[in-house]
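Residues take their numbers from the sequence shown, with the count starting at 1.
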Amino acid sequence: MMEVRQVALYFRNKSLPGGKFSITHLKLQKLVYYAQAWSLAIEGKPIINSDLEAWLHGPVSRELYGEYRNYGSQEIPPVEDHELKFRIDNLDKKILDGVWELYGEFDGKYLETLTHKESPWINAWNRGMNEIIELDDMKQYYSGLLQGAN
């Protein structure tokens, strides 16, 4: 399992400033959420070691919020390869690359809207603002999407 900050750095490494593949705080939060969700669906286990919560603008990691909130809606600068001072398991790398391929071109508002249509966020939000998005909800929902694709 990876630290949530490592997943954030990995996505920042893939970002391209000034275009659709740039990253804002909102987009980063959603990419991390989708990494967790698809890892649960594909590998049956979480990729990150922290909870994600249902906030007004979609799934949020409190840890990342504290670290990146000062960027507001501005782009977050990418990081270089040498700043990724951690090892990534090959299966985890495939998940992260797949999430980037699926969602990397979309902006944070689009991804926010998408998460608001999906049951894991809806279920947590219905329990109350800032409630934890249950891993089982993510696993069940995204596994169902995988089965529907086959």
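- Here the side chains of Ile88 and Met2 are in contact, with some heavy-atom distance below 4.5 Å.
- Put simply, CG on Leu52 and CZ on Arg62 are 11.5 Å apart, with the number rounded to the nearest 0.5 Å.
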Walk me through whether Ile23 and Leu31 qualify under side chain to side chain contact (heavy atoms under 4.5 Å, CB included). CA-CA 10 Å; Ile23 290 184; Leu31 292 172; 4.1 Å; yes
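- Interatomic distance, NZ of Lys117 versus CD of Glu112, reported as 11.5 Å (0.5 Å rounding).
- One distance of note links OG of Ser119 with CG of Asn126; it measures 10.5 Å at 0.5 Å rounding.
- Taken together through direct or relayed side-chain contacts under 4.5 Å among Ile, Leu, Val, Met, Phe, Trp and Tyr, Tyr103 and Leu26 form parts of separate hydrophobic clusters.
- At a threshold of 4.5 Å between non-hydrogen side-chain atoms, the residues Ser15 and Ser22 do not count as touching.
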Side chain to side chain contact (heavy atoms under 4.5 Å, CB included) between Leu40 and Leu135: does it pass, once the steps are laid out? CA-CA 7 Å; Leu40 287 162; Leu135 296 179; 3.8 Å; yes
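- Pairs engaging residues 20-31 under the salt bridge (charged side-chain N to carboxylate O under 4.0 Å, His left out) rule: Lys20-Glu105 [sequence neighbours left out].
- For Tyr142, the ring pair (Phe, Tyr, Trp, His ring centres under 6.0 Å) partners at least two apart in sequence or on another chain are Trp38.
- A donor-acceptor contact shorter than 3.5 Å is absent between the side chain of Glu67 and the backbone of Arg5.
- Summarising the geometry of Ser50 relative to Ser61, their closest heavy-atom pair is OG-OG, 4.4 Å, with the distance given to 0.1 Å.
- Cluster membership for Leu84 and Val7, using ILVMFWY side-chain heavy atoms within less than 4.5 angstrom, is shared.
- At a threshold of 4.5 Å between side-chain heavy atoms, the hydrophobic network of Ile, Leu, Val, Met, Phe, Trp and Tyr places Met1 and Ile95 in two separate groups.
- Linking Ile, Leu, Val, Met, Phe, Trp and Tyr whenever their side-chain heavy atoms come within less than 4.5 Å puts Leu102 and Tyr110 in one cluster.
- Of the possible donor and acceptor atoms, none in the side chain of Ser143 sits under 3.5 Å from a partner among the backbone N and O of Gln140.
- Between Glu118 and Leu114, the shortest heavy-atom distance links the atoms CG-O, 3.3 Å.
- Ion pairing between Lys14 and Asp97 holds under the 4.0 Å rule for side-chain N and carboxylate O.
- Using a 4.5 Å cut-off between side-chain heavy atoms of Ile, Leu, Val, Met, Phe, Trp and Tyr, with links allowed through other members, Ile48 and Val60 fall into different hydrophobic clusters.
- Ala124 and Ile132 make their closest contact through CB-O, 3.6 Å (heavy atoms, listed as atom of the first residue, atom of the second, distance).
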Could you go step by step and tell me if Leu96 and Ile47 meet the side chain to side chain contact (heavy atoms under 4.5 Å, CB included) rule? CA-CA 9 Å; Leu96 296 176; Ile47 197 169; 3.9 Å; yes
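- Asp92 has a carboxylate O that lies under 4.0 Å from a charged side-chain N of Lys45, or vice versa, which qualifies the two as a salt bridge.
- One finds the NZ atom of Lys93 at 11.5 Å from the CG atom of Asp89 (value rounded to the nearest 0.5 Å).
- Taken from CD1 in Ile133 to CG in Asn123, the straight-line distance is 9.5 Å, to the nearest 0.5 Å.
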Would you check, one step at a time, whether the test side chain to side chain contact (heavy atoms under 4.5 Å, CB included) holds for Met129 with Trp55? CA-CA 6 Å; Met129 183 184 246; Trp55 288 22; 5.8 Å; no
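- For the pair Gln36 (side chain) and Tyr33 (backbone), a donor-acceptor distance under 3.5 Å is absent.
- Side chain of Ser39 to main chain of Ala35: no donor-acceptor pair is present (N/O by atom type, distance under 3.5 Å, no hydrogens or angles).
- Ion pair Arg127/Glu134 flagged as a salt bridge, since at least one NZ, NE, NH1 or NH2 atom sits closer than 4.0 Å to an Asp/Glu carboxylate oxygen.
- The closest donor-acceptor contact from the side chain of Glu80 to the backbone of Asn13 lies at 3.5 Å or more, if one exists at all.
- Annotation: side chain of Asn49 is in contact with side chain of Glu3 (closest heavy-atom distance under 4.5 Å).
- For Trp100 and Tyr10, the ring centers are positioned 6.0 Å apart or more.
- Side-chain contact between Pro17 and Pro77: absent, with no pair of heavy atoms (C-beta onward) separated by less than 4.5 Å.
- The two atoms that bring Ala41 and Leu146 nearest to each other are O-CD1, 3.8 Å, heavy atoms only.
- The shortest side-chain heavy-atom distance between Gln29 and Leu64 falls under the 4.5 Å cut-off.
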Side chain to side chain donor-acceptor pair (under 3.5 Å) assessment of Tyr68 paired with Glu63: CA-CA 9 Å; Tyr68 291 102; Glu63 293 168 62; over 6 Å; no
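- Proximity of a side-chain donor or acceptor of His57 to a complementary backbone N or O of Thr113 within less than 3.5 Å is not detected.
- Listed here is the closest heavy atom pair of Ile76 and Arg12: CG2-NE, 3.3 Å.
- Of all the heavy atoms in Phe11 and Leu28, the pair that sits closest is CB-CD1, 4.1 Å.
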